[in-house]
Amino acid sequence: MFPKKPPMGFNTWNTFAENISDEMIRATADAMVEKGLLAAGYEYLVIDDCWSERQRDKITDKIIPDAKKFPNGMKAVSDYVHSKGLKFGMYSCAGVRTCADYPGSFGHEYLDAETFAEYGADFLKYDYCYKPKDADGPLLYRRMSMALRSCGRDIMLSACNWGCDDVHKWIRSTGAGMYRSTGDINDSFVSFRDIFLSQLDNYVYSAPGCFNDIDMLTVGMRNRGNVAASGCTDEEYRTEFALWCMFSAPLMLGCDVRNIDDVTLRLVTNPLMLRVNQDEEARPPFFALREHNDLCNVYVKVMSNNELAVLFTNFTEDDGRSMWMPLENIGIPVTAGKGLHLTDVYTGEDLGVHKEYLRFSVPAHGTRMFIAKIEG
Ligand code: GLA
């Protein structure tokens with residue numbers, strides 16, 4: 001499976017962890033359709049860790065779904081998800097146990113890939129806990145990739161080794177469609193800020209076919225569920241979503257979409273932000289301004305149809321900080337006589353043509369984000 005655009009969907013881990021069930025997955029599938037999330041592009045519904053029994057089946061050696069959580073088996077759940085027009089994602093681990101101590105796929109890769117194909121899975125998140133010490137990480141991801149490529153079903157491999165072993169250098173070669181590059185996110189500004197900043201040098205490796213996954217979004221969690229921490233303000237959630245969009249990161253929702261609030265729903269379905277995330281050229285942004293140790297930056301992403309996306313970030317406590325960026329930094333000198341025709345992606349407002357420089361006041365922990373055309 002070769003994803004041309006950053007994959008979009010929902011994953012159970014951030015909110016639910018082990019509190020997953022047949023009923024909860026079906027209700028989530030319903031919500032993804034009814035609330036317009038599928039229509040906006042969120043097509044994968046991924047069940048993360050804790051879905052299986054604690055031990056493999058003694059006779060077949062297969063991983064088996066937890067009979068209490070999934071009394072109808074996994075194929076029935078997958079059929080329901082598919083009946084809604086969604087794609088179905090499963091989870092396993094390259095080690096002998098998963099991170100939450102359920103059976104991992106080490107030494108069972110081909111059997112498990114067949115099992116996931118029998119379930120009708122379209123996506124496999126593949127974690128990295130309990131890896132035998134002398135096992136080679138890249139080899140384990142190759143092994144599951146080959147197992148998936150021979151299982152008779154198109155299943156995208158979503159690697160999750162948290163950035164170990166310089167993963168960005170070799171993961172594309174395994175055939176994975178996306179790869180986690182950082183440790184786990186929690187629902188706080190500091191967590192998503194640091195995750196984002198840790199990858200500043202690595203976004204150039206993210207491109208169609210294999211995208212840098214900076215973890216499931218905490219947007220809209222409102223400090224409830226498994227990765228609750230200090231929580232975020234609306235401004236901070238918007239910053240998180242803007243960063244993920246600007247850097248072509250997979251958009252995997254982690255909030256409880258059955259109860260998603262209106263502010264969050266509007267944010268995650270914002271058509272201009274999604275246009276930036278899903279732009280077919282999927283280019284990494286460049287730095288148009290770098291200040292205060294990357295706390296106050298301006299990023300510019302070249303997009304298709306001669307559009308640009310422009311993102312101002314202010315990660316400091318200084319509210320309303322005035323940020324100034326000469327268009328010269330983008331490659332538009334004053335002598336060119338050109339300016340940027342800006343649309344504010346949050347309000348949809350046409351801000352007209354700006355010549356010579358952009359100057360905006362940016363809220364603390366906040367952003368300004370624009371789509372621009374070069375005119376003049
Ligand atoms: C790891 C992953 C998380 C989640 C948990 C499940 O920590 O990074 O995203 O899948 O395992 O146990």
Side-chain angles (χ1 to χ4, degrees), residues 1-12 20 22 25-26 29 38 43-49 51-53 55-67 69-70 72-96 98 102-128 135 137-161 170-180 208-211 213 250 252:
M1 171 44 174
F2 183 88
K4 296 195 176 64
K5 298 176 178 184
M8 294 170 65
F10 161 84
N11 174 299
T12 54
I20 48 177
D22 179 301
I25 297 297
R26 287 177 199 245
L38 173 61
E43 58 177 354
Y44 287 102
L45 197 171
V46 182
I47 301 181
D48 206 283
D49 206 348
W51 61 269
S52 76
E53 294 285 0
Q55 303 299 336
R56 290 176 175 270
D57 185 280
K58 287 205 172 59
I59 297 161
T60 63
D61 212 19
K62 286 184 169 184
I63 310 189
I64 31 178
D66 183 308
K69 296 173 185 169
F70 298 101
N72 308 306
M74 213 40 107
K75 180 71 168 57
V77 178
S78 160
D79 284 348
Y80 188 80
V81 168
H82 286 138
S83 77
K84 293 279 162 178
L86 293 156
K87 292 181 176 162
F88 184 60
M90 290 294 314
Y91 166 97
S92 189
C93 185
V96 290
T98 71
Y102 293 80
S105 290
F106 181 82
H108 293 82
E109 290 86 353
Y110 283 78
L111 176 64
D112 291 354
E114 268 168 34
T115 304
F116 296 132
E118 283 163 16
Y119 292 167
D122 307 294
F123 178 108
L124 178 69
K125 176 172 168 182
Y126 205 49
D127 222 328
Y128 207 50
L139 178 65
L140 295 188
Y141 281 95
R142 285 206 290 277
R143 212 142 85 184
M144 186 45 99
S145 177
M146 300 308 157
L148 292 175
R149 279 163 191 264
S150 58
C151 75
R153 196 177 160 87
D154 197 1
I155 304 180
M156 185 167 82
L157 176 60
S158 167
C160 178
N161 85 338
W170 51 266
I171 192 67
R172 176 178 295 268
S173 70
T174 68
M178 56 194 259
Y179 64 100
R180 273 277 300 284
C210 194
F211 290 94
D213 172 10
M252 303 301 285

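Scope of the values below: all heavy atoms of this structure, side chains included, with no hydrogens, waters or symmetry mates. Everything numeric here is computed off the predicted structure, so don't read it as measured data.
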Participant: Verify the ring-centre separation between Y141 and Y128: is it less than 6.0 angstrom?
Facilitator: yes
Participant: Is K87 salt-bridged to D154, cutoff N-O under 4.0 Å?
Facilitator: no
Participant: Drop me the distance from Y126's OH to S105's OG, to the nearest 0.5 angstrom.
Facilitator: 4.0 Å
Participant: Quick one, H108 and T115 - any side-chain contact, counting heavy atoms below 4.5 Å?
Facilitator: no
Participant: For a 4.5 angstrom cut-off between non-hydrogen side-chain atoms, does F88 reach I47?
Facilitator: yes
Participant: How many angstroms lie between atom CG of L157 and atom CE of M146, to the nearest 0.5 angstrom?
Facilitator: 10.0 Å
Participant: So do F10 and L86 actually touch side chain to side chain, heavy atoms under 4.5 Å?
Facilitator: no
Participant: Do Y179 and T174 come within less than 4.5 Å of each other through their side chains, counting heavy atoms only?
Facilitator: no
Participant: Do K69 and W51 make a side-chain contact, defined as non-hydrogen atoms from C-beta onward lying under 4.5 Å apart?
Facilitator: no
Participant: Among N11, T98, T12, find the residue that satisfies the side chain to side chain donor-acceptor pair (under 3.5 Å) test when tested with D48.
Facilitator: N11
Participant: Taking atom types as modelled, find out whether Y91 and D127 have a side-chain donor-acceptor pair closer than 3.5 angstrom.
Facilitator: yes
Participant: What I'd like to find out is whether the side chain of F106 reaches to under 4.5 Å of the side chain of R143, using heavy atoms alone.
Facilitator: yes
Participant: Mind checking the CE-CG spacing from M252 to L45? Nearest 0.5 Å is all I need.
Facilitator: 8.5 Å
Participant: Which heavy atom of C151 sits nearest to which heavy atom of E114, and what is that distance?
Facilitator: CB-N, 4.3 Å
Participant: Which value, rounded to the nearest 0.5 Å, describes the distance between C160 atom SG and M178 atom CE?
Facilitator: 9.0 Å
Participant: Could you check if a side-chain atom of D112 sits within less than 4.5 angstrom of a side-chain atom of R56, using non-hydrogen atoms only?
Facilitator: yes
Participant: Rounded to the nearest 0.5 Å, what's the gap from CE on M90 to OG on S92? Could you check?
Facilitator: 8.5 Å
Participant: Checking F116 against R153 for the side-chain contact (heavy atoms from CB on, under 4.5 Å) test, could you report, in this order, the C-alpha distance in whole Å, the side-chain angles of both residues, the deciding distance, and whether it holds?
Facilitator: CA-CA 9 Å; F116 296 132; R153 196 177 160 87; over 6 Å; no
Participant: Rounded to the nearest 0.5 Å, what separates atom CG in N161 from atom CG in L140?
Facilitator: 10.5 Å
Participant: Less than 4.5 Å apart, side chain to side chain, heavy atoms only: is that true for E43 and F123?
Facilitator: no
